[in-house]
Amino acid sequence: MPLPKAELHLHIEGTLEPELAFALAARNGIALPYADAEELRHKYRFSDLQSFLDLYYELMAVLRTEDDFADLAEAYLTRAAAQGVRHAEVFFDPQAHLARGVEMATVVDGLARALEGAPERHGVSTRLIMCFLRDESAESAAATLDAARPHLDHITGVGLDSAEVGHPPSKFREVYEKAANLGLRRVAHAGEEGPPAYITEALDVLGVERVDHGLRSVEDPDLVARLVRDRVPLTLCPLSNVRLRTVDVLADHPLRAMLEAGLMATVNSDDPAYFGGYADDNFHAVREALGLTDDQLRELARNSFLAAFLDDDEDLRKAYLAEVDAYRF
Ligand code: ADE
Ligand code: ZN
């Protein structure tokens, strides 16, 4: 039985397995420029974040109907539950769908149908987090937040993703302020490829409660001291970092040093269909590569539930933490 955990950094569009991409393409009468799923899988070799994003956005063409989004989320939940995920906070990228003529309601209703049935069907509680594409304009982000307003009963928070370098968090100051006024929780990718200063900006300018990745914080001792002092959760994604060449090999990943420095690290899968593993695969990989102890693995799992947006259900958080404490490796 896998260690119980929460997944806090997961792009639902990044769970599109090649086989499902082909099935949805067929259902929607879309021709993919690959012979089959096998050939497509061979394209999953990336040199950096942008080379991955190019394929990630291209394959979204197969997602057109509410059923497509529901089926995508359902497939993820099935896999996540089998990997010990008890709680999943799921990102989605509405601008990438709106730009293709797919409406916000289609996306949110499809995802919400699968996510909101997940406690009964999979034993997984869920939250939905809407991400702004940071390589699009601040005005586009604001229009996206407006488009989401009729759907906020399904949306817990906002995030910031896509190509990081050259798109600092401060570009999105106003839309994050509006989101906060609407009662939305705030997270942002920062320090994946971008500099430590972007992490500081995400905290100071956007008011984020968690930092997605935060990997490059290790380059700035003052920032590390602040993140430790304030117990700011970092949603690290080790297999993603290797596949996108942010770290050369997993044995070089700073996760263990980060835990030993007192950082509130969590382990997540990011875009598991593209990066070679779901949540527990990431746990196994870091345990092997970094020699993590059982106590460190337990700490990662505890951190994931402590950092989850479960403030409206503290009993559930407590139950999850008790499950981690009772877990026998
Ligand atoms: N969108 C999907 N995955 C992402 C990642 N790892 N970084 C930035 N944007 C993303
Ligand atoms: Zn991500």
Side-chain angles (χ1 to χ4, degrees), residues 6-17 21 43-61 63 69 72-73 76 80 88-99 107 111 127-136 140-141 144 157-169 171-172 186-195 198-199 201-202 206 208 210-217 233-247 253 255 265-279 281-282 304 307:
E7 173 134 88
L8 305 178
H9 184 156
L10 180 283
H11 303 264
I12 197 64
E13 296 91 345
T15 69
L16 181 63
E17 293 285 343
K43 305 285 175 201
Y44 288 12
R45 283 164 214 266
F46 309 111
S47 52
D48 57 14
L49 175 57
Q50 189 61 56
S51 66
F52 152 69
L53 289 171
D54 291 344
L55 184 63
Y56 169 82
Y57 292 125
E58 178 192 321
L59 288 183
M60 285 185 201
L63 298 166
F69 287 93
L72 177 68
Y76 162 67
E89 304 201 347
V90 171
F91 296 149
F92 72 113
D93 284 332
Q95 284 154 293
H97 309 304
L98 296 170
V107 180
L111 294 176
R127 299 287 183 269
L128 190 55
I129 296 177
M130 177 175 85
C131 289
F132 303 117
L133 301 182
R134 68 199 308 153
D135 45 355
E136 298 290 332
S140 172
T144 306
V158 294
L160 188 63
D161 64 3
S162 202
E164 184 180 8
V165 174
H167 302 285
K171 181 175 161 186
F172 298 94
R186 290 164 287 171
V187 299
H189 284 51
E192 180 185 20
E193 286 190 344
Y198 282 18
I199 300 173
E201 261 190 31
L206 305 185
V208 301
R210 300 194 300 243
V211 175
D212 294 316
H213 292 294
L215 186 72
R216 290 190 58 192
S217 61
L234 306 180
T235 63
L236 296 163
C237 305
L239 289 176
S240 164
N241 297 149
V242 174
R243 288 299 187 100
L244 300 186
R245 315 281 281 272
T246 321
V247 299
H253 199 283
L255 171 66
T266 66
V267 163
N268 306 270
S269 68
D270 207 5
D271 301 281
Y274 293 89
F275 299 151
Y278 285 76
D281 302 323
N282 273 269
S304 71

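In what follows, every heavy atom counts, from backbone to side chain, and hydrogens, waters and symmetry copies are set aside. For ligands, and for the atoms within them, numbers begin at 1 and follow the listed sequence.
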Who pairs with Thr144 by side-chain contact (heavy atoms from CB on, under 4.5 Å), at least two apart in sequence or on another chain? Pro94, Gln95, Leu98, Met104, Met130, Phe132, Ser140

Using the test side-chain contact (heavy atoms from CB on, under 4.5 Å), find all partners of Cys237 that sit at least two apart in sequence or belong to another chain. His9, His213, Ser240, Asn268, Asp270

For the aromatic rings, using the six-membered ring if either is Trp, is the centroid distance between His97 and Phe92 under 6.0 Å? no

Polar side chain donor-acceptor pair, [X] to [Y], under 3.5 angstrom:
X      : Y      : answer
Asp212 : Thr235 : yes
Glu192 : Thr246 : no
Ser51  : Asp48  : yes

Heavy atoms only: give me the nearest Ile129-Gly159 pair and the separation to one decimal. CG2-N, 3.8 Å

On the 0 to 90° scale, with breaks at 30° and 60°, tag the Tyr274-Phe52 ring pair as parallel, tilted or perpendicular. perpendicular

Which protein residues come within less than 4.0 angstrom of ligand 1, counting heavy atoms only? His11, Leu49, Phe52, Leu53, Tyr56, Asp161, Ser162, His189, Glu192, His213, Asp270, Asp271

Restricting to under 2.8 Å, identify the protein N, O or S atoms around the Zn ion (ligand 2) as residue plus atom. His9 NE2, His11 NE2, His189 NE2, Asp270 OD1

Any salt bridge linking Glu89 with Arg210? Criterion: basic side-chain nitrogen under 4.0 Å from a carboxylate oxygen. yes

